[in-house]
S.K.: 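Mind having a look at this structure? Questions to follow.
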Amino acid sequence: MPKTEKNTQIRKAVIPAAGMGTRFLPATKAMPKEMLPVVDKPAIQYVVEEATAAGLNEIVMITGRNKRALEDHFDRAGELENLLEEKGNFALLESVRESTELAHMHYVRQAHPRGLGDAVLTAETFVGDEPFVVLLGDDLVDERDQILPTMIKVHEQFGGCVLALIEVAHEDISHYGAAAIAPLDPSLDLGGVVRITGLVEKPALEDAPSDYAVLGRYLLTPEIFQVLRETKPGRGNEVQLTDAIQELTERTDKGGPVHGVIFKGRRYDTGDKLGYLQATVRLAAEREDLGPKFSEWLREFVKGL
Ligand code: G1P
């Protein structure tokens with residue numbers, strides 16, 4: 001049999017999507033922020049596609065009030081599909097069916113949003129006793145620069161947890177979880193992989209242990225649940241996932257250690273308006289169908305600014 005690179009060990013992904021989306025009000029008054037389109041696909045679909053491309057086919061979304069559209073988006077739409085079929089519009093029909101066929105979707109509701117750590121804890125029954133991946137919907141990783149396969153390989157080599165890290169400008173580090181890092185033994189020859197020795201959630205600039213920020217991709221061991229149960233509310237009076245992972249950085253067994261993979265690829269922060277607009281413009285300009293005309297217009301438009 002041909003040797004396959006496919007990940008067979010890790011199958012489950014957790015996507016927290018219970019946030020209120022206040023940064024996008026009033027657009028998110030009656031619609032989940034995860035459904036905002038980036039060109040013509042809701043932001044959340046890019047994230048689900050990234051998970052399934054890495055072999056994670058069991059996905060649980062942590063939802064809350066106002067999030068019904070998410071379930072509908074990943075479900076069949078019988079009436080619409082029939083109509084498109086009757087009209088012979090098979091390209092659109094396929095685009096409508098795509099989101100349904102991506103993965104096995106599951107939903108858990110987080111009744112009282114008490115922070116990212118608490119959201120992840122609500123996935124415990126679904127995850128059980130296996131390593132799993134958490135993907136935050138505000139961070140889009142370009143499909144040409146996948147990071148999850150590398151994180152999975154690092155886990156296979158060292159066990160424990162693996163986080164994606166990005167280097168940010170020093171003045172931006174206080175918007176993120178910041179990592180204290182140590183190099184690996186060079187004989188291991190793993191470019192871009194480091195040991196994480198500590199984590200601080202959104203530190204003041206002078207307290208940041210480095211300019212390496214946690215990107216919203218986490219490969220976690222199930223030991224995290226026990227730690228989360230004991231984690232007291234931290235920054236913003238919320239149970240922080242970062243604080244729980246910090247506990248595991250000190251362990252060499254029982255869920256630890258924690259490694260970081262430094263990501264240098266293309267990513268978009270759709271969690272705020274500027275990043276969202278940048279993602280939309282960039283992906284539209286690169287699309288085969290829209291790109292040429294859109295870019296031509298964009299060049300003219302920019303000249304007039
Ligand atoms: C969350 C995490 C933070 C991480 C960031 C990545 O923060 O708490 O550690 O660096 O996502 O996007 P949020 O942006 O949800 O406030």
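Start at 1 and go down the list; that is how both ligands and their atoms are numbered.
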S.K.: Numbering the atoms of ligand 1 from 1, which are under 4.0 Å from a heavy atom of T242?
M.R.: 9 (O)
S.K.: Going by the closest heavy atom to atom 4 (C) of ligand 1, which one wins out of I245, V168, V214?
M.R.: V214
S.K.: For atom 7 (O) of ligand 1, what's the nearest protein heavy atom and its distance?
M.R.: K202 NZ, 3.3 Å
S.K.: How far is atom 1 (C) of ligand 1 from its nearest protein heavy atom, and which residue and atom name does that atom have?
M.R.: L136 CD1, 3.8 Å
S.K.: When you look for heavy atoms under 4.0 Å from ligand 1, do you find them on the side chain of L241, its backbone, both, or neither?
M.R.: neither
S.K.: Among V239, L136, I62, whose side-chain contact (heavy atoms from CB on, under 4.5 Å) with L116 holds?
M.R.: L136
S.K.: Hey, what's the ring geometry for F24 with Y276, parallel, tilted or perpendicular (30° and 60° as the breaks)?
M.R.: perpendicular
S.K.: As an exercise, identify every atom of ligand 1 less than 4.0 angstrom from a heavy atom of D139.
M.R.: 6 (C), 12 (O)
S.K.: Judging by distance only, is a nitrogen or oxygen of G177 under 3.5 angstrom from one on ligand 1?
M.R.: yes
S.K.: Ignoring hydrogens and geometry, is there a side-chain-to-backbone donor-acceptor pair from S99 to H73 under 3.5 Å?
M.R.: yes
S.K.: Yes or no: does H175 have any heavy atom under 4.0 Å from an atom of ligand 1?
M.R.: no
S.K.: Determine if the distance from atom 15 (O) of ligand 1 to the closest protein heavy atom is below 4.0 Å.
M.R.: no
S.K.: Of all the atoms in ligand 1, which lie at a distance below 4.0 Å from a heavy atom belonging to Y218?
M.R.: 2 (C), 4 (C)
S.K.: Any donor-acceptor pair under 3.5 Å linking the side chain of T197 with the backbone of A180?
M.R.: yes
S.K.: Quick one: does T270's side chain have a donor or acceptor within less than 3.5 Å of a partner on D138's backbone?
M.R.: yes
S.K.: For atom 9 (O) of ligand 1, what's the nearest protein heavy-atom neighbour? Residue, atom name and distance, please.
M.R.: E201 OE1, 2.7 Å
S.K.: Report yes or no: does K67 contribute a side-chain atom to a donor-acceptor pair with the main-chain N or O of G19 at less than 3.5 Å?
M.R.: yes
S.K.: At their closest point, which heavy atom of S174 faces which heavy atom of K202, and how far apart are they?
M.R.: O-CB, 3.3 Å
S.K.: Does D138 have a non-hydrogen atom less than 4.0 Å from ligand 1?
M.R.: no
S.K.: Kindly state each residue pair satisfying side-chain hydrogen bond (donor to acceptor under 3.5 Å, both in side chains) with at least one member in residues 112-122, sequence neighbours excluded.
M.R.: Q110-D118
